[in-house]
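Order of the sequence lines sets the chain letters (A, B, ...), proteins ahead of strands, with each chain counted from 1.
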Number of protein chains: 2
Amino acid sequence: MHPVPEAAISATADEIREAALEQFARDGYSSTSMRDIASSVGIKAASLYNHFGSKEAILWDLTLTAFEELLRCRDLAIANLPDNPTPQDRLACLVTSHVAFHARNSNQALLVNSQLAALSKTHYRKAVAMRAQYEATMREVIDEGITKGVFTTIDARVTTFAILQMGMAVSGWFRPEGPLTVSDLCAIYVDLAAKMLTPLPLKRKE
Amino acid sequence: MHPVPEAAISATADEIREAALEQFARDGYSSTSMRDIASSVGIKAASLYNHFGSKEAILWDLTLTAFEELLRCRDLAIANLPDNPTPQDRLACLVTSHVAFHARNSNQALLVNSQLAALSKTHYRKAVAMRAQYEATMREVIDEGITKGVFTTIDARVTTFAILQMGMAVSGWFRPEGPLTVSDLCAIYVDLAAKMLTPLPLKRKE
DNA sequence: CTGCTACACTAACGATCGTTAGTTAAAGTC
DNA sequence: GACTTTAACTAACGATCGTTAGTGTAGCAG
């Protein structure tokens, strides 16, 4: 009956993506109905099936795009590093792209960070693998800094989580119309991350 | 027909609370049905209404309890501070109770951190107020340290968020059977938070 | 023993869910 | 101008949702 396009490319499909992304991010996947999405686009629920095979297919389409853009941002930032970057350079670069993405693309970030559980088992596994790949980049930079003696931490794994997750949380509260620019925000988080990994010379209780 | 207890106190009510908390935290409020909860307890959905007036009443009961316990943990930790605590003492105390709570009570933490949107408008407002009150404690300690000159940060508000949120995220990944004890974990986060607020003497490029 | 309460049950209500079938109208192709 | 394709529609399916009504029964109070 209906064709089930592998990756719908019409203008209507993009409107569906936009509406679904916003509502999935704001209200959650299971609180958003196909009729909700359709009505945002100005069509009936049944017409969604001209563009996507199922509700889960919309979520997966959005999830895949979000991960692709997240990884693309990371790669772009890495490509712009100076020659022979220090671990500090690499850390600043990664934290900046991480925080900037979560500030600028908060809906995509919220989707990726809290709606994965709604995916089918197969898609869920792929998504988790992409997330692991993304997180590994941060971990490698931190490990490199530790090996080279410029970073110190009690626990590299936990510190990696902490840096990633304080950045992810940005998508929950940051508003571009607020007092901070994205650039301000990135500078703050770069500073925090750097301090988290810097040995404390402290204890000057002479 | 059914009495609608203000705060159900029977053993069955507690089993309902336990089952609902776990499923709300794991699957989300709107993905969990009354029949799901009932079947975990070993009764039928209609019997839930002998103990709670509605599905939202269960969520609100759990939310209120979770906030009360969170605030109680904080107050207990504050009460155990030494006399004339330094801002560093206060920070360590708050971070420890924060992280310990999110590690030990991950279901309650997940509820409070990601299921508030499912509450009724009135309850939602009360919950947000409780969260704001909790967060304010951290902010005050950080501001005190800045005023006294022992903490430095580019932006106190963002740093407060960062410290709180890296601790909240613990509820998403920490497992007591893993390699770290709760006590280990708290020590790591206390260290990270302290470093985030400590001036970098760095830049020894003599 | 009687009556009340607590708490489980079955059955069902109306609403809403994701999804499908079949129809219609417009646009594009030969 | 005839034909195919695209994408909207109406209508409805069966499932599931939160919830209510009414019933049965065990335990406890008098």
Could you check whether A:Thr160 and A:Glu135, counting side-chain N and O atoms only, form a donor-acceptor pair closer than 3.5 Å? no
Out of D:dC9, C:dT19, D:dG18, whichever nucleotide has its closest atom nearest the side chain of B:Lys55: D:dG18
Identify the residue among A:Leu91, A:Asp89, A:Ile78, A:Ile163 that makes a side-chain contact (heavy atoms from CB on, under 4.5 Å) with A:Val141. A:Leu91
Give one of base, sugar-phosphate or nothing for B:Ser33, where a contact means two heavy atoms less than 4.0 Å apart. sugar-phosphate
How would you label the contact of A:Ser30 with the nucleic acid (heavy atoms, under 4.0 Å): base, sugar-phosphate, or nothing? nothing
By nearest-heavy-atom nucleotide on DNA chain C, the more 5' of B:Ser10 and B:Arg35 is B:Ser10
Nearest-Å distance for atom pair CD/P, residues B:Gln23 and D:dC17: 11 Å
How many whole angstroms separate atom CE of B:Met34 from atom P of C:dC13? 20 Å
For B:Ser106 and B:Ser171, does a side-chain donor sit closer than 3.5 Å to a side-chain acceptor? no
Taking atom types as modelled, is there a side-chain donor on A:Asn50 or A:Ser47 under 3.5 Å from an acceptor on the other? no
Nearest listed nucleotide, side chain of B:Thr12, among D:dA21, D:dG18, C:dA8: C:dA8
What's the verdict on salt bridge (charged side-chain N to carboxylate O under 4.0 Å, His left out) for B:Glu144 and B:Lys148, showing C-alpha distance, side-chain angles and the deciding distance? CA-CA 6 Å; B:Glu144 186 207 1; B:Lys148 294 195 173 168; 3.0 Å; yes
Kindly point out which of D:dA7, C:dC17, D:dG18 is positioned nearest to the side chain of A:Asn50? D:dA7
Any B:Ser47 side-chain N or O less than 4.0 Å from OP1/OP2 of C:dC7: no
In this structure, how many angstroms lie between the P atom of D:dA21 and the OH atom of B:Tyr49, rounded? 12 Å
Rounded off to whole Å, could you give me the CD1-to-C1' distance for the A:Ile16 and D:dA8 pair? 11 Å
Nearest whole Å is fine: how far is D:dT6 P from A:Lys44 NZ? 24 Å
Whole-Å distance between C:dA6 C1' and B:His51 NE2? 9 Å
For atom CD of B:Glu56 and atom P of D:dG18, their distance in whole Å: 13 Å
Rounded to whole Å, CD1 of B:Ile37 lies from P of D:dT19 at a distance of 10 Å
